[in-house]
Colleague: 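Please read through the structure below; I'll follow up with questions.
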Amino acid sequence: MFKTQYAKQVFGMLSARNPGQAEFLQAAQEVLGSIEPELDANPELTSNAILERITEPDRIVRFRVTWVDDLGQIQVNRAWRVEFNNAIGPYKGGLRFHDSVTESILKFLGFEQTFKNALTGLWMGGGKGGSDFDPHGKSDGEVMRFCQAFMTELYRHIGPESDVPAGDIGVGGREIGYLFGQYKRVTKQFSGVLTGKGLDFGGSLVRTEATGYGLCYYVQEALRRLRNDSFADKTVVISGSGNVAIFACEKAAQLGAKVVTMSDSAGYVYDPDGIDLAAVKAIKLDRRGRIAEYVDAHPGAKFVAGGSVWRLPCDIALPCATQNELTGDDAKALIANGAIIVAEGANMPSTPEAIDALHAAKVLFAPGKASNAGGVAVSGLEMSQDSQLIQWSFAEVDERLRGIMVNIVAQSLAAAGDYGMGEDLMNGANIAGFRRVAGAMIAQGVY
Ligand code: NDP
Ligand code: 2IT
């Protein structure tokens, strides 16, 4: 599986030390596999024990969150903050509230975040946190009380120059507002300790749209450079119907494509006329409803319970829901249907089998840590604005975001080119992100 003794030995150690952490080992295996030529070319990476250090989180805080539901019952959830690596900046990364959350999932996300943040070119280390709290079906009051209880412990571990959380699955503007309110209540500090804040209290324009928009800017640039092509007149299939999916759909349509699907954990909608995004926003953002409701007002569309959007014909596939949602068989269906690029809006949505199949078929594959970096990039821009107590215009932030995504494509192709890997955007992103973090670690000595 590995060609170098060093990567093989470290992965063996990781597997022995982290039993049952399948997601974390999956993410680590991908990165270690990609950077092997870099290890061969730079023996100081081995002598500085960079792989042993970069795969072990700096620290993990785990805590109990106790809150009272609307029936007066006491509820207990588990929560974590994984502070993975701060070689190039304060720990930075989102909070996920979902009943599937485990330490393995947060470690994979924090590990990925370390390299993603490096690719943005901004000063941000890697972190991730969250809870097994499931916000589905909870009232506003319950979500607020949970967020307040969560922050009552988390506040002592974070700070604008040490660790800056943001949103992820189940954590959007509402939750960040409640978390920020509680942070201020217990610390008396108004600072950029969280990103994704409301526009009237330290938030940045474009942060809400940033991940989905950035994903499309990345795809636009990759298609331009590698296929002399664009979004114009392409059919796009998107999974998910949350923050990332909605704004990927919006930008893809603005760039001339037709998006025909969106989904949630219950199933997907297929609209051959192109998704009516205003309707999706009304259902998902205004009413917090289910995507199945879309067909009520769109008789030409259908809702399919379960099933996979990846079996539908498309040119561009944008997985924007969750990890391991696009399997090897899904990839084979996309290849058979003539897809030209799969670009990850979610974190690690493609299984290793899917990635192998896409590479073998020469379908462009954009790894999440590169193609979904727009969200955290604008979080970094929010931190810059907060530290100066200013707010840039929409156009200014959007242009900086576009520049960062174009640069991520360039950096990835340059790193792949260093080892004759051509258009391998995954190996290129892993090498480029790793280089920056490893270089900073070596320069900062043994710690
Ligand atoms: P949201 O909570 O806004 O939306 C998540 C969407 O994915 C929902 O449609 C949800 O459906 C679906 N989903 C979640 N879990 C599952 C599951 N186990 N099976 C099937 N569907 C599921 O989250 P985001 O849009 O913010 O995040 C989506 C992905 O993008 C995640 O992988 C996240 O890590 C990644 N990401 C997010 C960024 C951000 O800025 N928000 C930045 C970079 C990456 P349902 O409602 O039924 O659960
Ligand atoms: O996965 C991610 O990059 C995010 N959820 C966004 C993190 C952030 O700090 O904005």
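For clarity, every value in this text was computed on a predicted model and none was experimentally measured. Whatever order the structure lists them in is the order used to number ligands and atoms, beginning at 1.
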Colleague: Does a side-chain N-to-carboxylate-O contact under 4.0 Å join R227 and E423?
Modeller: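 Looking at E423 together with R227, the answer is yes, because their closest N to O distance falls below 4.0 Å.
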Colleague: What pairs with N86 under side chain to side chain contact (heavy atoms under 4.5 Å, CB included), at least two apart in sequence or on another chain?
Modeller: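 Checked N86 against side chain to side chain contact (heavy atoms under 4.5 Å, CB included); matches are D58, Y91.
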Colleague: Heavy atoms under 4.0 Å from ligand 1: which residues qualify?
Modeller: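 Shell around ligand 1 (4.0 Å, heavy atoms): R96, H98, K116, H136, D168, I169, G170, R207, T211, G240, S241, G242, N243, V244, S263, D264, S265, R290, C320, A321, T322, G345, A346, N347, N372.
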Colleague: For ligand 2, run through the N/O pairs with the protein that fall under 3.5 Å and put one pair on each line.
Modeller:
| unit_1 | atom_1 | unit_2 | atom_2 | d |
| --- | --- | --- | --- | --- |
| ligand 2 | 1 (O) | Q113 | OE1 | 3.4 |
| ligand 2 | 1 (O) | K116 | NZ | 3.0 |
| ligand 2 | 1 (O) | K128 | NZ | 3.0 |
| ligand 2 | 1 (O) | N347 | ND2 | 3.0 |
| ligand 2 | 3 (O) | Q113 | OE1 | 3.4 |
| ligand 2 | 3 (O) | Q113 | NE2 | 3.0 |
| ligand 2 | 3 (O) | K116 | NZ | 2.8 |
| ligand 2 | 5 (N) | K128 | NZ | 3.3 |
| ligand 2 | 5 (N) | G167 | O | 3.0 |
| ligand 2 | 5 (N) | D168 | OD1 | 2.9 |
| ligand 2 | 9 (O) | K92 | NZ | 2.7 |
| ligand 2 | 10 (O) | R207 | NH2 | 2.9 |
| ligand 2 | 10 (O) | S379 | OG | 2.5 |

Colleague: Do N85 and T114 have a side chain donor and acceptor closer than 3.5 Å?
Modeller: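 Not at all, the side chains of N85 and T114 share no donor-acceptor pair under 3.5 Å.
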Colleague: Give a yes or no on whether the ring-centroid distance for F146 and F97 is below 6.0 angstrom.
Modeller: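 Here the rings of F97 and F146 have centres that are less than 6.0 Å from each other.
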Colleague: Do you know which of K92, K197, R207 makes salt bridge (Lys or Arg N to Asp or Glu O under 4.0 Å) with E382?
Modeller: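 Of the listed residues K92, K197, R207, the salt bridge (Lys or Arg N to Asp or Glu O under 4.0 Å) partner of E382 is K197.
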Colleague: Do S371 and E344 have a side chain donor and acceptor closer than 3.5 Å?
Modeller: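 No donor-acceptor contact under 3.5 Å links the two side chains.
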Colleague: Can you list everything that forms a salt bridge (charged side-chain N to carboxylate O under 4.0 Å, His left out) with D168? Sequence neighbours excluded, please.
Modeller: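 So D168 forms a salt bridge (charged side-chain N to carboxylate O under 4.0 Å, His left out) with R96, K128.
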Colleague: Do you see a donor-acceptor pair shorter than 3.5 Å between the side chains of R145 and Q148?
Modeller: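 No, Q148 and R145 have no side-chain donor paired with an acceptor closer than 3.5 Å.
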Colleague: Looking at T211, L215, V244, L318, which hits side-chain contact (heavy atoms from CB on, under 4.5 Å) with N372?
Modeller: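 For N372, the side-chain contact (heavy atoms from CB on, under 4.5 Å) test succeeds with only one of T211, L215, V244, L318, which is T211.
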